[in-house]
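Just below is one structure, and these are the notes that go with it.
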Protein chains: 2
Amino acid sequence: MTLKQLAKELNLSFSTVSKALRDSHEISAATKSRVLAKAKALNYQVNPLASSFRKQKSKTIAVIIPEVVNDFFGPVISGIESIAQQKGYHVLIYLTHEDVEREIAITQVLQNGRVDGVLISLSEQTTDTTHLDNVRQKEIPVVYFDRIVENTDAPKVTTDDYCSGFNATEHLIQHGCKRIAFLSISQNLSISHKRLKGYEDALNKNGIKVHTNLIISCERDDEKCAATIRKLLKQKNRPDAIFAAVEKLALKTYEICHELKLNIPTDVKVITFSNSYTAALLNPSLTTITQPAFEMGNEAATILFKMIEKKGYQSMKEATTLASQLIVRSSTK
Amino acid sequence: MTLKQLAKELNLSFSTVSKALRDSHEISAATKSRVLAKAKALNYQVNPLASSFRKQKSKTIAVIIPEVVNDFFGPVISGIESIAQQKGYHVLIYLTHEDVEREIAITQVLQNGRVDGVLISLSEQTTDTTHLDNVRQKEIPVVYFDRIVENTDAPKVTTDDYCSGFNATEHLIQHGCKRIAFLSISQNLSISHKRLKGYEDALNKNGIKVHTNLIISCERDDEKCAATIRKLLKQKNRPDAIFAAVEKLALKTYEICHELKLNIPTDVKVITFSNSYTAALLNPSLTTITQPAFEMGNEAATILFKMIEKKGYQSMKEATTLASQLIVRSSTK
DNA sequence: AAATTTTTCGACAACGTTGTCGTAAATAAA
DNA sequence: TTTATTTACGACAACGTTGTCGAAAAATTT
């Protein structure tokens with residue numbers, strides 16, 4: 001059932017029918033309702049491929065994320081999707097698997113009208129973002145969230161990573177910790193930087209020297225990761241607290257502590273960034289800095305749609321910061 | 001940069017250029033390489049909107065799932081996306097939030113060429129699937145996964161829910177349990193049915209009477225859910241084991257047990273379907289039936305692409321069953 | 001009643017691509 | 001050499017929709 005067929009049924013020109021369906025002021029109320037009724041009766045629906053092609057608007061956005069196998073990106077997607085569904089937009093999802101080459105390949109494919117906007121959380125390998133600047137040059141708005149890049153005038157949505165890092169560290173210090181190790185995954189990510197800066201500043205403020213050998217960047221590989229943590233906790237001068245920048249590292253720490261018969265929190269206190277519901281149920285329950293993941297998706301999508309809908313999106317360069325929550329549980333008591 | 005502009009640069013007709021780019025046998029090797037070189041030099045990319053429209057193929061599939069905020073659907077998406085990326089397809093994601101009306105609205109939107117295929121895991125409210133039959137009638141293949149519908153000849157991918165239910169129950173019986181409660185969320189879902197059937201058959205086989213008041217279907221609402229479990233565990237004749245059909249209910253059980261000072265596994269043993277990595281780290285570690293989520297996404301996508309690519313997809317009606325894994329931990333020892 | 005404006009609709013040309021068909025030129029078969 | 005066949009390209013018409021423009025008909029103003 002196409003527009004032309006519908007028009008023939010109605011004895012109207014197809015341009016009239018088209019305008020009637022889109023509630024154009026050029027069409028009388030009488031014919032509008034006649035068209036609408038017939039369209040409903042014959043279950044006519046516009047062909048989105050044709051419509052998108054004609055208008056050069058896809059009514060689709062892309063979400064590019066490293067992976068979706070943790071408790072952070074799931075809610076983020078949910079937050080994005082709820083706004084998109086509201087606005088009548090469709091959501092394409094792409095996973096980079098932390099691979100910058102894939103990230104580049106994906107952005108390449110988006111450059112030609114397939115999407116009207118892009119939401120991205122960078123891969124841990126990404127240092128340069130010309131591939132995203134290329135997208136933006138094609139008038140396709142880009143919003144960064146969580147894993148952002150600093151030196152861009154594109155809008156970004158993050159949580160207050162510096163404050164969270166600072167507060168988490170002070171929390172440990174207040175509970176008597178002197179040798180606090182900082183575990184993160186990638187040196188490239190701005191979130192790692194900021195969390196680390198918060199950590200360092202908190203130590204300095206409290207008169208604790210920053211030991212670079214307590215600042216550890218783990219590999220992606222699960223085994224190497226475990227080995228690093230094991231080595232850290234086995235050394236004579238072992239840290240009395242672990243501050244993990246990502247949940248995975250905290251869970252590995254739990255495993256290793258169990259293996260080495262180290263008690264949490266007596267021997268080692270543990271704090272981590274995490275959005276996992278099960279943190280409260282761990283043994284011992286895990287103190288977390290929990291990010292407002294759903295809200296972050298929501299906020300990023302809202303900004304993106306503003307940019308898509310208004311043309312003056314060039315002006316939108318603000319950085320939005322959402323507050324994370326420090327949830328104190330047994331692992332730091 | 002369009003095809004026409006590219007053709008003008010090359011002093012060729014745009015149909016020649018089009019054919020050269022798609023490696024048509026009608027074009028000589030010499031001009032092909034000339035075209036390809038120029039296209040690369042000018043960074044020409046086909047307009048996907050135009051191409052899709054012309055061919056009436058979107059190179060896009062839809063994934064419709066209830067939600068993405070648990071450890072099951074995340075890996076499923078990952079499994080789907082990896083195949084799609086391989087095949088050069090794009091993945092649209094839609095969340096029903098367990099709402100059948102939304103599910104219907106979503107399928108409505110997909111009917112007109114926006115996607116070449118659909119992967120779906122039904123909402124817990126869905127009993128009737130004419131909305132998906134409508135999609136299939138429009139020659140758009142549909143593959144069901146995990147939360148499927150029985151009475152359809154569309155392909156379906158599930159895990160061996162009956163066996164898992166049976167084995168989990170026998171596992172509890174072998175550990176001395178007599179009063180095993182079965183907790184699920186929806187009566188509509190075929191997975192719930194099958195898991196329940198496995199539970200019942202295991203009881204019968206072992207000479208244990210099936211008590212209908214131990215078969216409990218929880219509401220979606222978190223509070224009501226907790227109240228139901230609390231009531232169950234507070235009664236004089238309380239069950240000595242909980243078999244949860246979904247992870248959420250097992251975690252709620254943990255919470256309530258903590259609240260009521262009931263010891264797991266001494267007072268109550270707990271087993272659940274779950275894909276959570278943290279199950280091993282809970283207090284006590286949680287015995288799970290773990291589904292091969294990533295593989296399920298992979299398998300479903302593979303079948304869908306076969307149907308999309310071959311025209312003889314009408315013949316594909318098989319049901320694929322993947323094996324789940326019973327991982328015994330402390331909560332049932 | 002004439003002139004002007006508004007309302008309401010139809011004709012038509014895009015949007016960029018793909019596939020069919022026609023047709024020269026080049027090659028092969030008669 | 002003539003005829004048949006293949007090769008290599010161009011012309012052109014779609015695909016279904018939207019937006020511009022023109023023009024009758026109706027309503028309004030002079």
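Computed from a predicted structure; not experimentally measured.
- Of the charged side-chain nitrogens involved, at least one lies within less than 4.0 Å of a carboxylate oxygen, so that A/Asp153 and A/Arg136 count as a salt-bridged pair.
- As a whole-Å value, the separation of B/Leu10 CG from D/dA8 C1' is 16 Å.
- Spacing between atom CG of B/Leu49 and atom P of D/dC15 amounts to 18 Å, rounded to whole angstrom units.
- Computed from coordinates, the A/Leu3 CG to C/dG10 P distance equals 12 Å when rounded to whole Å.
- No donor-acceptor contact under 3.5 Å links the side chain of B/Ser13 to the base of D/dA11.
- Atom CE in A/Met1 sits roughly 12 Å away from atom P in D/dG16 (whole-Å rounding).
- Atom CD of B/Gln5 is separated from atom C1' of C/dG16 by 10 Å (rounded to the nearest Å).
- OP1 or OP2 of C/dG19 has at least one side-chain nitrogen or oxygen of B/Arg22 nearer than 4.0 Å.
- Closest contact between the side chain of B/Ala50 and the listed nucleotides C/dG16, C/dA13, C/dC9 involves C/dG16.
- In this structure, A/Ser18 reaches the bases: a heavy-atom distance under 4.0 Å links it to at least one base atom across the strands shown.
- Residue side chain B/Lys19 reaches the base of D/dG10 through a donor-acceptor N/O pair under 3.5 Å, judged by distance alone.
- Summarising the geometry, the separation between CG on B/Asn11 and C1' on D/dC9 is reported as 14 Å, rounded to the nearest angstrom.
- Comparing atom distances between the A/Leu12 side chain and each of D/dA13, D/dC9, C/dG10 picks out C/dG10 as nearest.
- When distances are taken from the side chain of B/Gln56 to each of C/dT17, C/dG16, D/dG16, the shortest belongs to D/dG16.
- In the model, A/Gln125 has no side-chain atom that pairs as donor or acceptor with a side-chain atom of A/Ser186 under 3.5 Å.
- Phosphate contact (OP1/OP2 of C/dT17, side-chain N/O of B/Tyr44, threshold under 4.0 Å): present.
- A cation-pi arrangement is present between B/Lys4 and B/Phe14 under the rule of less than 6.0 angstrom and at most 45 degrees off the ring axis.
- By the 30° and 60° cut-offs, the orientation of the rings of B/His90 relative to A/Tyr94 is perpendicular.
- For the 3.5 Å distance criterion, the side chains of B/Arg102 and B/Ser123 fail to qualify, holding no donor opposite an acceptor.
- When distances run from any side-chain atom of A/Glu26 to the nucleotides C/dC9, D/dT17, D/dA11, the shortest one goes to C/dC9.
- Place B/Ser28 and A/Asn47 on DNA chain D by their nearest nucleotides, and B/Ser28 ends up nearer the 5' end.
- At a threshold of 4.0 angstrom between heavy atoms, the contacts of B/Ser15 include nucleobase atoms, whether or not backbone atoms are also involved.
- Under the stacking definition used here (centres under 5.5 Å, planes under 30°), the residue B/Phe53 qualifies as stacked on the base of D/dC15.
- Checking the phosphate oxygens (OP1, OP2) of C/dC9, a side-chain nitrogen or oxygen of A/Thr31 falls inside 4.0 Å.
- Residue-level contact check: A/Thr16 touches the bases, meaning some heavy atom is under 4.0 Å from a base atom.
- When the C1' atom of C/dG10 is taken as reference, atom CD1 of A/Ile27 falls 10 Å away, rounded to whole Å.
- Under the 4.0 Å criterion applied to side-chain N and carboxylate O atoms, B/Lys32 and B/Asp23 are assigned as salt-bridge partners.
- Separating the CG atom of A/Leu21 from the P atom of D/dG16 is a distance of 16 Å, rounded to the nearest angstrom.
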